[in-house]
Participant: 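Mind looking over this structure? Questions follow.
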Amino acid sequence: MTTPERNPVRLEGRLDPELSRWLWLVKWLLAIPHYVVLFFLWIAFFVLSVVAFFAILFTARYPRGIFDFNLGVLRWTWRVAFYSYGALGTDRYPPFSLGSEPDYPATLEVEYPGELSRGLVLVKWWLLAIPHYLLLGVFTGGGWWAGSRMWDGDGAAWGGGPSLIGLLVLFAALALLFTTRYPRGIFAFVLGLDRWVARVVAYAGLMTDRYPPFRLDQGGDEPGPPTAAQLELAVPTPAGARGTEPRGSRGAGGIALLVLGSIAALIAFVLLVVGVAGVVLDQTQRDADGFLMSPTESFTTAAYAISSESADVDLDGPDWATKDLLGTVRIRSESERPVFVGIGRDSDVARYLDGVERSVVTEIGRDPSYSQRPGSAPAGPPSGQSFWVASATGAGEQTLEWEPRSG
């Protein structure tokens, strides 16, 4: 019988028995020097990860010097997060160090990998990690980024918004303020979330090929392999039967199916949101006659005419399909003086307005923008022209309706 392998990413934290009820209010200020240093360290982490990407691609190995440096950045970040708002687990000020610092109550280790997959390095940091990125967006507040605030749970990371880690740490801080005690259950849950984040960051940072498990390992200590007593209680594998896969592990096919399923769910969610928005718009923006109307715009000009830029209408397919898709266009105008409103083919309108002083609307908004065309008066009134496919003229409110057709 096989036993579960321990995860190559091991994040641990020891909760201080006595924590200040007030210090958490100013830890953001005390941690500023660390944030400044970590900002530059994470720039180096990103650059060196790109170097490691090509090294793995050609040699199947992560350069040891780069690995040790990047691991040091992860360790430093975790110590600062554990001290500040990623856990609030200690009042001991974190050291400025890339080393392991085993005496500090927050530790992080990543086992140096032997040979890494050349093919996996091309997709694991973006495609295969998509399901985890979606979850980390909830854990860390709408998005995470590999920087000095990667485990900062105050919800101020890129993407913003409240985070699950931030809310839990806030509850713990309020408990400290009023009871001087950090709830053990909240601490165990927060460490489980932080551990999940660390595993995903190490995987996306190309430091391991072990896919992060979808499992919340709570508590300050990393879970290890089962003890001998636990193994004796396991049901033995029948003779000749195929060994079962360890819990938490999955092959490339399972990971691919999981990723495809997550992408499909995300696409379905986006389509659902767009559909709901369309229904809301359709039901709230119609007038009494059932027309979906745009906001009212005011147009003025000292020239003889106002025209729009041409709009191409090229309808392919049966008439019933184009009619149902576009429906009827309604233009409503209101003016104290008589005005003419018309729709015509671009070539006909251009021929009629050739040499006529006019304003061409280039942008519609609160203050429409115009392109002025010099010229003189038109040869004849627009209402006397026969090329208009739809028109209305007169003072007061005028309504023009037209069913679009190709051309």
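Residues: numbered from 1 along the sequence shown.
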Participant: Check whether W78 reaches the backbone of E12 with its side chain - one donor and one acceptor, N or O, closer than 3.5 Å.
Facilitator: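 A pair under 3.5 Å: yes.
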
Participant: Return yes if some donor-acceptor pair links the side-chain N/O of W24 with the main-chain N/O of S20 below 3.5 Å, else return no.
Facilitator: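 No: the side chain of W24 does not pair with the backbone of S20.
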
Participant: Would you say that E109 contacts R75 through its side chain, given a criterion of any heavy-atom pair below 4.5 Å between the two side chains?
Facilitator: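 The answer is yes; the side chains approach within 4.5 Å.
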
Participant: Please state whether the rings of F54 and F58 are parallel, tilted or perpendicular, taking 30° and 60° as the class boundaries.
Facilitator: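 Because their plane-to-plane angle is under 30°, the rings of F54 and F58 count as parallel.
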
Participant: Show the nearest heavy-atom pair for residues A202 and V9, with the distance to one decimal.
Facilitator: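 The pair with the smallest heavy-atom distance is CB-CG2, 3.6 Å.
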
Participant: What distance separates T140 OG1 from L135 CG, expressed to the nearest 0.5 Å?
Facilitator: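 Result: 10.5 Å between the selected atoms.
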
Participant: For the side chain of R181 and the backbone of T179, is there at least one donor-acceptor N/O pair under 3.5 Å apart?
Facilitator: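 Not confirmed, R181 side chain does not pair with T179 backbone.
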
Participant: Check whether the ring centres of F340 and W388 lie less than 6.0 Å apart, and answer yes or no.
Facilitator: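 Between F340 and W388, the centre distance is under 6.0 Å.
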
Participant: How long is the gap from OH on Y203 to CG on N7, to the nearest 0.5 Å?
Facilitator: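 Output value for this atom pair is 12.0 Å.
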
Participant: Any idea which heavy atoms bring F96 and P33 closest together, and the distance?
Facilitator: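 Between these two residues, the closest heavy atoms are CZ-CB, 3.9 Å.
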
Participant: Using a strict cut-off of less than 4.0 Å between a Lys/Arg side-chain nitrogen and an Asp/Glu carboxylate oxygen, indicate whether R351 and D354 qualify as a salt bridge.
Facilitator: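 So R351 does not pair with D354 through a salt bridge.
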
Participant: Taking all non-hydrogen atoms of both residues into account, name the closest pair between Y352 and F387 and its distance.
Facilitator: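 Result for this residue pair: CB-CZ, 3.7 Å.
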
Participant: Determine whether a donor-acceptor pair (N or O, by modelled atom type, separation under 3.5 Å) exists between the side chain of T362 and the backbone of S369.
Facilitator: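 Checking the backbone N and O of S369 against the side chain of T362, a donor-acceptor pair under 3.5 Å is found.
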
Participant: Run L216 and F189 through side chain to side chain contact (heavy atoms under 4.5 Å, CB included) and show every step you take.
Facilitator: CA-CA 8 Å; L216 188 64; F189 193 58; 2.8 Å; yes

Participant: To the closest 0.5 Å, what do you measure between CG (L41) and OG1 (T77)?
Facilitator: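 Output value for this atom pair is 7.5 Å.
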
Participant: Within the distance-only criterion (no hydrogens, no angle test), does the side chain of R195 pair as donor or acceptor with the backbone N or O of D217 below 3.5 angstrom?
Facilitator: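 A pair under 3.5 Å: yes.
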
Participant: Among residues at least two apart in sequence or on other chains, which ones pass side chain to side chain donor-acceptor pair (under 3.5 Å) with S100?
Facilitator: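 In terms of side chain to side chain donor-acceptor pair (under 3.5 Å), with neighbours along the sequence ignored, S100 is linked to no residue.
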
Participant: Ignoring hydrogens and geometry, is there a side-chain-to-backbone donor-acceptor pair from S359 to Q372 under 3.5 Å?
Facilitator: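 Flag not set: sc S359 to bb Q372 has no pair under 3.5 Å.
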
Participant: Can the ring centroids of F46 and W42 be said to lie less than 6.0 angstrom from one another?
Facilitator: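 That pair fails the under 6.0 Å test.
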
Participant: Report yes or no: does R79 contribute a side-chain atom to a donor-acceptor pair with the main-chain N or O of Y104 at less than 3.5 Å?
Facilitator: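 Side chain of R79 to backbone of Y104: no pair is present.
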
Participant: Compare every heavy atom of L19 with every heavy atom of Y182, then report the nearest pair and how far apart it is.
Facilitator: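 Minimum heavy-atom separation between Y182 and L19: CD1-CD1, 3.7 Å.
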
Participant: Out of curiosity, Y370 OH to S307 OG, how far, rounded to the nearest 0.5 Å?
Facilitator: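 Taking OH in Y370 and OG in S307, the distance rounds to 11.0 Å.
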
Participant: Measuring from D221:CG to T107:OG1, what's the distance to the nearest 0.5 Å?
Facilitator: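 With rounding to 0.5 Å, CG (D221) is 9.0 Å from OG1 (T107).
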
Participant: If you compare all heavy atoms of D194 against all heavy atoms of L11, which two are closest, and at what distance to 0.1 Å?
Facilitator: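 The pair with the smallest heavy-atom distance is O-CD1, 3.9 Å.
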
Participant: Is the cationic atom of R64 (NZ for Lys, CZ for Arg) positioned less than 6.0 Å from the six-membered ring centroid of Y112 and within 45 degrees of its normal?
Facilitator: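 The answer is yes; both the distance and angle limits are met.
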
Participant: Can you measure from CG (L48) to CG (L206) and round to the nearest 0.5 angstrom?
Facilitator: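 If I round to the nearest 0.5 Å, the distance is 12.0 Å.
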
Participant: Would you mind reporting whether L74 and M207 have side-chain heavy atoms less than 4.5 Å apart?
Facilitator: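 Counting from C-beta outward, M207 and L74 do come under 4.5 Å.
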
Participant: So, the side chain of K124 versus the backbone of R210: is there a donor-acceptor pair under 3.5 Å, distance only?
Facilitator: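 Checked: no pair found.
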
Participant: Test side chain to side chain contact (heavy atoms under 4.5 Å, CB included) on L127 and L122 and set out the steps.
Facilitator: CA-CA 9 Å; L127 178 61; L122 296 171; over 6 Å; no

Participant: Does the K27 side chain pair with the main chain of L88, one donor and one acceptor, at a distance under 3.5 Å?
Facilitator: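 Side chain of K27 to backbone of L88, a donor-acceptor pair under 3.5 Å: no, none is there.
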
Participant: Test L176 against L23 for side chain to side chain contact (heavy atoms under 4.5 Å, CB included), laying out the working first.
Facilitator: CA-CA 10 Å; L176 278 175; L23 188 60; over 6 Å; no

Participant: For the residue pair F82 and F187, categorise the inter-ring angle as parallel (less than 30°), tilted (30 to 60°) or perpendicular (more than 60°).
Facilitator: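 Aromatic pair F82/F187 classed perpendicular.
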
Participant: What do the steps show when you test R92 against D16 for salt bridge (charged side-chain N to carboxylate O under 4.0 Å, His left out), and what is the final call?
Facilitator: CA-CA 9 Å; R92 181 178 167 186; D16 282 359; over 6 Å; no

Participant: Give a yes or no answer on whether the side chain of R61 reaches the backbone of I56 with a donor-acceptor pair at less than 3.5 Å.
Facilitator: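 Between the backbone of I56 and the side chain of R61 there is no qualifying donor-acceptor contact (under 3.5 Å).
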
